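Quick note on labels: first sequence line is chain A, next is B, and so on, each numbered from 1. The analysis underlying the following values was restricted to heavy atoms, covering all of them including side chains, and did not include hydrogens, waters or symmetry mates. Given the structure is predicted, the values throughout are model-derived calculations rather than measurements.
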Amino acid sequence: MSLMTQFFRRIFRNDHHWQSVVFFRNVPIFHGLKSRQIGRIIQATQKRTYRAGEVLFEEGQIGKAVFIIESGRVELTRKNLDGTPRRLGLVGPGQILGEMALLEQMERTATAKMLEDGVVYLLYSATLEALFTQQPAIGVKLLRNMAVMLSALLRRTNQELDKLGQAQ
Amino acid sequence: MKENRIWQNTLYLLAFFVFIAFVGLTWSVLIPFLLGLVIAYLVDPLIDLFVARGWRRDRVVLVLFFFILSFGAVLIFYFFPHLYKEVDFAIKQIPTYANSIDSLINEINSELRQRLTRFIGHRADQISISFHADKFFENLLVKLPANLLNVAHMGVWVLIIPFSCFFGLKDGQQWIDILFELTPSRYVESLLGLLEEINATLGGYIRGLLFESACVGILTMIGLFALGLDGAVLLGVITGLLNFVPFLAVIVGGLISVLAGYFQHIPNAYLMGIIFLFLGIRLVDDFVLIPFILGHSVSLHPLVMVFAVLAGMKLGGFLGLVFAIPAAAVVKVILTILFLERRLDDPITNQDVIS
């Protein structure tokens, strides 16, 4: 690396940005995207620190944003018919919540609540759609990743249904 | 618990009214700060291009400011002297123009009286066009600086606008982060939706409007220059500025240009040329510039647009006129989000998937 490049890198390089790029690259939905494309997505997100006990979204609300967990654990619950909450699972760093909001604005099917303090990135669905129009390459990769994720989810649901059927 | 909530809401309401009163009282001081922030908002996507590539925001802003100041210096040294010369020329010509208009009106008045005397006798003496161009221009020149931009404040504005713009660009994202941190978690998604929708509607509109106005101004400048009119640069700048207000550029810009042409005694064919030039610019604007540059970023009903413009003029003078449409668009976005928040997209139903 020439002295000049080193000088410019020292002055202009944003180390915090590159740490975020590494984090985003490991989130399944952003697999295969180039650093520059991930940079555009980071630009489109909004970061917020959530305290333990704060609710990210509630069951029945219209989903408009995707939540990407950078740190902290999130509990997902769903109301039973009698109104009592039933735990669906835990989500942690590097995982994504409410990704269905990217595809359709529907009511949330669960409530997400922080179990401990953590940092979350929010990505508004319409902003991402606008980014898809500007940079179709991002849209193609992202939607492909989503399709793979949904396909895996469907496969797992089928397997569980099979298990249930065999048990009966 | 319920009582606490009522107190809390009352406090929020009180704080809101105090804030509004404060803004109302300090409005004239706030204008340059707001203008600086508006410029920062318009330039931000350019900074974002570099930030998305891993560059430090503060350094990019510094470099950009260096370039903007250099460009500003070039503009001041090359473009402004020419514009100043034309403004100076126009101001010196005003008494001549005023006299010409007054003598024209006198001629019309005497002609009018002669013809009306045949029908209504001596009562025709009371009927005349009571417009005195010399008084009108005198009044305009006295009031213009106070109305448009108070000259005494200009020096402070020149300092405050870049200052406010710099910090808006450098720290704007941090201010938004703080807003999100302070917002209760249950409203975070709605706030994000509101800001993103406003950004999508406004950002494109204001940037597009600036570009469209520049195109209209440059086309006017070139057209009038080709028709041999003195003051083409000044008239182009005026038409470009008028373009910020819907429907005004062609009517007022065209009228001023035709009058300027008339008083410069250019041939009648060239006067017609000016009219056709403005009609042509209007067509290019309607069928090329607006659809391709502005698109449908602000889909307001024409009646709402006219009302917004008049209300903006009443509330905030020239700046109110310029910001009327963007403000109306913001109100529309807020109302849409508030009242249509529960509107669902047309989803693909289970039936569609199964069949």
B/Phe71 ring center near B/Phe67 ring center (under 6.0 Å): no
Charged N-O contact under 4.0 Å between B/Glu197 and A/Lys64: no
Part of A/Ile11 lying under 4.5 Å from any heavy atom of chain B: both
Region of A/Glu54 that comes under 4.5 Å of a non-hydrogen atom in chain B: both
Rounded distance [0.5 Å steps], CD1 in A/Ile68 versus OG1 in A/Thr45: 6.5 Å
Between A/Gln46, A/Arg13, A/Lys47, A/His16, the one whose heavy-atom pairs under 4.5 Å with chain B are most numerous: A/Gln46
Lys/Arg-Asp/Glu bridge criterion (N-O < 4.0 Å) met for B/Arg57, B/Asp44: yes
Heavy-atom pairs under 4.5 Å with chain B, option from A/Tyr124, A/Tyr50, A/Trp18 with the top count: A/Tyr124
Top contributor to chain B contacts, counting heavy-atom pairs under 4.5 Å, from A/Phe67, A/Phe57, A/Phe8: A/Phe67
Check ion pair A/Lys113-A/Glu75 (N to O, under 4.0 angstrom): no
Contact class of A/Ala65 relative to chain B, heavy atoms under 4.5 angstrom: both
